[in-house]
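Indexing begins at 1, ligand by ligand and atom by atom, following the structure's order. This one's a predicted model, so the numbers in the text were calculated from it and none came from an experiment.
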Amino acid sequence: MGFQNRRDFFKTSLLLTAGITGISSKKNKAASLDGPSENRMGVLVDTTVCIGCRSCEWACKTTHGLPTKPIDSYLDRSVYDKKRRPDEHALTVVNEYDNPNNPLLPTDVKVQCMHCEEPACVSACIVGAFTKHPEGAVTWDTDKCIGCRYCMVACPFQVPSFEYSKAVQPKIMKCDFCFERTKEGKLPACVEVCPTEALTYGNRNELIEIAKQRIKRQPDKYYNHILGEAEIGGTSWLYLAGQDFGKLDFPKLGRDPAPGVTEAIQHGIFSYFIPPIALFALLGSVMWINRSKNNGEEK
Ligand code: SF4
Ligand code: SF4
Ligand code: SF4
């Protein structure tokens, strides 16, 4: 078993204390392997059991040193009056949608970086500030970032945000899959805090099997699709829902990885350096001809 939600994690901790290593040793082993995707970790988000408590938002901010209000204030559901996106103040947000199957039970959807298997942000970044790690996380190096924001344009999920409010050295912000925590064998902060186990952390392939089993066991409850299994080459974060993902503001994406498109844009940008150079040459020639003509007339 290579997956863990909060309850499993506590169980594992107890087992470890007793000297019986199982899940965690497997997890650490996976982390040390050099990039085979079958060992990648992920999170399964089951929106059908999410209650929209937003504890995940609070835990994420607390873990990453972002300013936050007391956890009690997160119970205020007026926040759901509008749809939000992750930004420089919140690496993850939860949005709420009508549920056509049960009007009394809205669908709550946690949003953050999807940690794509073939991330467009990595291929778009011209200074190599982004890294896709063998364990699954996509992280970025603020020291390398030059603030070009190509990653923001390239991301099919519109995730990276920019610290517009910072005048000095603004940087790109996004969920880092709690890279430092998971390196130490801890759960991502949002997974650890989730009270309904709507979030399950584990081996991506095993999570896909769990998701398939849930759909098979309760076909009336689940929409028959695992978002992230195949979209744009697959993502580390996977979603289950009780309704069409298009109604939950997920973009409709094909199976082809996005970097192909991104690279085409990049190559386009560089090839477009040629026309400006040609234009400058043309303008220079016109100015030179005009100046010569004026000189001739003056003479
Ligand atoms: S969701 Fe966007 S930012 Fe996250 S890994 Fe994919 S392309 Fe990069
Ligand atoms: S994995 Fe970590 S950084 Fe990402 S949303 Fe969860 S708590 Fe935030
Ligand atoms: S902590 Fe869990 S139940 Fe609460 S909003 Fe986040 S994902 Fe949903």
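Of the heavy atoms in R181, none comes closer than 4.0 Å to ligand 2. At a heavy-atom cutoff of 4.0 Å, ligand 2 is contacted by the side chain of K110 but not by its backbone. By the criterion of a heavy-atom distance under 4.0 Å, neither the backbone nor the side chain of V43 is placed next to ligand 2. Only side-chain heavy atoms of P188 come within less than 4.0 Å of ligand 2; its backbone N, CA, C and O stay farther off. The proximity of K174 to ligand 1, defined as any non-hydrogen pair under 4.0 Å, is limited to the side chain.
Here the two rings, on F250 and F157, have centers that are 6.0 Å apart or farther. Remark: aromatic rings of F162 and Y164 are close, center separation under 6.0 Å.
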Is there a side-chain hydrogen bond (donor to acceptor under 3.5 Å, both in side chains) between H115 and T235? Walk through the geometry before answering. CA-CA 6 Å; H115 298 276; T235 58; over 6 Å; no
Evaluate the criterion side chain to side chain contact (heavy atoms under 4.5 Å, CB included) for residue pair V159 and R85; output intermediate values, then yes/no. CA-CA 8 Å; V159 164; R85 298 290 310 166; 4.3 Å; yes
Would you sort out whether D244 and H225 count as a side-chain hydrogen bond (donor to acceptor under 3.5 Å, both in side chains), showing the intermediate values? CA-CA 8 Å; D244 185 344; H225 184 70; over 6 Å; no
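When only non-hydrogen protein atoms are considered, atom 4 (Fe) of ligand 3 lies nearest to C53 SG, 2.3 Å. In this structure, the protein non-hydrogen atom closest to atom 2 (Fe) of ligand 1 is C155 SG, 2.3 Å. The nearest protein atom to atom 6 (Fe) of ligand 1, hydrogens excluded, is given as C116 SG, 2.3 Å; this is a heavy-atom distance. M114 N, 3.5 Å is the protein heavy atom nearest to atom 1 (S) of ligand 1. Annotation: atom 8 (Fe) of ligand 2 to nearest protein heavy atom, C60 SG, 2.3 Å.
Taking 2.8 Å as the threshold, C50 counts as a candidate ligand of atom 8 (Fe) of ligand 3, since one of its N, O or S atoms lies below it. Atom 6 (Fe) of ligand 2 has C190 among its coordinating residues (N/O/S atom, backbone or side chain, under 2.8 Å).
Of the possible polar contacts, none joining the E57 side chain to the V93 backbone as a donor-acceptor pair under 3.5 Å is found. In this structure a side-chain-to-backbone donor-acceptor pair under 3.5 Å is present from T92 to V111. In this structure, the side chain of R54 engages the main chain of Y74 through a donor-acceptor pair within 3.5 Å.
Listed by number with element, the atoms of ligand 3 under 4.0 angstrom from any heavy atom of T196 are 3 (S). Within ligand 1, counting atoms from 1 as listed, the ones closer than 4.0 Å to a heavy atom of P160 are 3 (S). Listed by number with element, the atoms of ligand 3 under 4.0 Å from a non-hydrogen atom of G52 are 5 (S), 8 (Fe). In the vicinity of R54, heavy-atom distances shorter than 4.0 Å reach the ligand 3 atoms 4 (Fe), 5 (S). Of all the atoms in ligand 1, the ones that sit under 4.0 Å from a non-hydrogen atom of A120 are 7 (S). Applying the 4.0 Å criterion to heavy atoms of F157 picks out, from ligand 1, the atoms 1 (S).
More than 12 heavy atoms of other residues, nucleotides or ligands sit less than 6.0 Å from atom CG of N102. Within 6.0 Å of atom NZ in K247, 12 or fewer heavy atoms from other residues, nucleotides or ligands are found, so the atom counts as exposed in its surroundings.
Proximity of T63 to ligand 2 is not established, as no heavy-atom distance is less than 4.0 Å. Within the structure, the closest approach of I51 to ligand 3 falls below 4.0 Å when heavy atoms are considered. In this structure, P195 is part of the shell of residues with a heavy atom less than 4.0 angstrom from ligand 3.
Note that CD of E192 is 13.0 Å distant from SG of C56, once rounded to the nearest 0.5 Å.
With C194, C178, A137 as candidates, the residue nearest to atom 7 (S) of ligand 2 on a non-hydrogen basis is C178.
The shortest distance between side-chain heavy atoms of Y222 and T48 falls below 4.5 Å.
Under a cutoff of 6.0 Å and an axis angle of 45°, K83 and Y97 form a cation-pi pair.
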